[in-house]
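Below: one structure, written as structure tokens.
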2 protein chains.
Amino acid sequence: MSEGKAVVAILGGTGGLGTGLARRWAEAGYQIIIGSRTQEKAEIAAQALRELMQERGVAEVSVAAMDNVAAATAADIAALTVPFAHHADTLRSVKAALQGKILIDVTVPLVPPKVARVQLPEEGSAGQIAQNILGEGVNVVSAFQNVAAVHLQEGQGMDCDVLVCGDNKEARAKVIELVEAAGLRGFHAGSIANAAAVEAMTSLLIFINKQYKCHAGIKLTGLDH
Amino acid sequence: MSEGKAVVAILGGTGGLGTGLARRWAEAGYQIIIGSRTQEKAEIAAQALRELMQERGVAEVSVAAMDNVAAATAADIAALTVPFAHHADTLRSVKAALQGKILIDVTVPLVPPKVARVQLPEEGSAGQIAQNILGEGVNVVSAFQNVAAVHLQEGQGMDCDVLVCGDNKEARAKVIELVEAAGLRGFHAGSIANAAAVEAMTSLLIFINKQYKCHAGIKLTGLDH
């Protein structure tokens with residue numbers, strides 16, 4: 001908190017994407033809370049993150065471990081990184097704790113086994129579902145859906161832009177700050193309805209990764225004319 | 001036809017996107033048929049294209065003008081560049097003429113006035129609607145939805161990739177050839193269901209263009225690892 005930076009909770013933060021984001025934000029000086037369904041699982045991920053920060057010579061880190069509800073309660077901003085199957089349940093469990101805050105929804109509504117095929121939910125997108133469940137008291141902002149966990153885990157720059165969607169412009173701007181803190185470029189990309197495009201694009205990237213044996217991302221061009 | 005290249009019809013080919021594609025493919029040596037609802041409108045666009053090719057010193061060009069049904073009948077491959085409001089009607093009118101051929105669907109299902117907001121149709125995408133209307137006898141391949149007409153009109157390279165979706169891989173490969181002939185990179189991006197991602201992305205690019213006062217495109221990264 002030395003620079004007054006926000007306390008960021010990562011709900012369902014024990015997987016590849018969650019620990020990748022936690023690592024980036026811890027390095028950037030944010031206070032991190034790893035949330036999980038149980039305190040124990042959260043503590044294992046938090047301990048691993050503390051050790052990684054020590055290895056990398058990051059002196060002052062604040063990494064706590066809590067269950068998801070406690071993490072959402074203690075946080076200024078929360079990110080949600082759970083598989084789509086746990087998305088709605090997790091949101092309902094933290095709804096009260098998130099009122100007045102920003103939720104960064106990283107969820108991609110993949111429907112196994114055909115994860116390389118776009119299968120958007122009836123509501124339009126996971127981001128829209130989150131906004132519907134949490135209600136108007138929470139600013140849902142979708143981001144990071146096209147970034148591969150493997151890229152966040154590596155300690156380097158990534159060649160993938162983050163398209164940031166949400167109904168509230170100030171909330172989007174705060175998330176863009178976190179995107180930049182994670183070492184990526186973030187862009188205002190419209191209302192939460194627009195999360196559909198970014199979530200759907202993940203299935204195309206999965207297809208392209210298989211087809212061309214690569215780890216594809218997307219980048220905006222033409223920004224300077 | 002000097003190199004045995006396909007005859008390409010551009011249905012609804014009198015607008016910015018249609019004439020832009022026609023110009024690129026004419027320069028690449030394809031025989032072009034401009035299709036429109038009336039022969040007269042098609043002829044005006046065809047004449048403008050012939051004059052442009054003469055200006056640019058392209059010696060041997062073949063540009064015909066026909067109504068949409070005649071154009072679809074005479075073509076080896078057809079591209080559809082009509083506003084979404086005319087999409088289904090035009091497809092029904094050329095259904096018989098396109099059997100056994102490839103239809104390149106360039107349509108983006110924008111719903112004015114909120115064109116910067118993703119509003120995908122119930123069927124999932126314009127590409128899926130086209131496949132549903134035309135039936136299994138036609139290979140629908142969606143492409144070019146993220147490329148701005150203004151970029152196609154300029155005689156230079158464009159910094160925007162084309163994500164090519166369709167259920168038939170060979171048909172996609174033929175469309176990728178045409179993408180490359182137009183001076184762009186084209187990529188296999190999965191089944192026609194995946195057109196939803198690319199069509200939706202156009203609304204995000206429109207939002208980004210307004211927000212950042214630019215002409216944005218997207219490009220794939222990470223292809224070489």
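In what follows, chains carry the letters A, B, and so on, assigned in the order in which the sequence lines appear, proteins first and then strands, with residues in each chain numbered from 1.
For B/Ala193, the parts lying near chain A are the backbone and the side chain together; criterion is any non-hydrogen pair under 4.5 Å. Interface residue A/Leu220: backbone and side-chain heavy atoms are both found under 4.5 Å from chain B. When heavy atoms are compared at a cutoff of 4.5 Å, B/Leu120 approaches chain A solely by way of its side chain, counted from C-beta outward. In this structure, chain B has no heavy atom under 4.5 Å from any part of A/Lys114. Using a 4.5 Å cut-off between heavy atoms, B/Leu205 touches chain A through its side chain atoms alone. Only the backbone of A/Ala116 comes within less than 4.5 Å of a heavy atom in chain B; its side chain stays farther off.
Of the possible polar contacts, none joining the B/Thr221 side chain to the A/Lys219 backbone as a donor-acceptor pair under 3.5 Å is found. A distance-only check finds no donor-acceptor pair linking the side chain of A/Arg172 to the backbone of A/Cys165 [under 3.5 Å]. Under the 3.5 Å distance criterion, the side-chain polar atoms of A/Trp25 are matched with a main-chain donor or acceptor of A/Leu178.
For the pair B/Gly16 and B/Ala149, the tightest heavy-atom approach, listed with the atom from each and the gap, is C-CB, 3.7 Å. A/Leu152 and A/Arg23 make their closest contact through O-CD, 3.9 Å (heavy atoms, listed as atom of the first residue, atom of the second, distance). Looking at every heavy atom in both residues, B/Ala6 comes nearest to B/Tyr30 through O-CD2, 3.4 Å.
The line from CZ of A/Phe207 to OH of A/Tyr212 is 8.0 Å long, rounded to the nearest 0.5 Å.
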inquiry  = Evaluate A/Ser142 against A/Gln145 for side chain to side chain donor-acceptor pair (under 3.5 Å), listing each step before the verdict.
reply    = CA-CA 8 Å; A/Ser142 78; A/Gln145 305 100 315; 3.2 Å; yes
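Residues of residues 78-103 of chain A lying within less than 4.5 angstrom of chain B, judged on heavy atoms, are absent. The stretch residues 131-139 of chain A places none of its residues near chain B, where near means some heavy atom under 4.5 Å from a heavy atom of that chain.
With chain A as partner, the option from B/Ala216, B/Ala200, B/Ala189, B/Ser191 having the largest number of non-hydrogen pairs under 4.5 angstrom is B/Ala189.
Counting only N and O atoms by type, the side chains of A/Ser203 and A/Arg117 include no donor and acceptor under 3.5 Å apart.
Sparse packing is recorded around NZ of B/Lys174, with 12 or fewer heavy atoms of other residues, nucleotides or ligands lying under 6.0 Å away.
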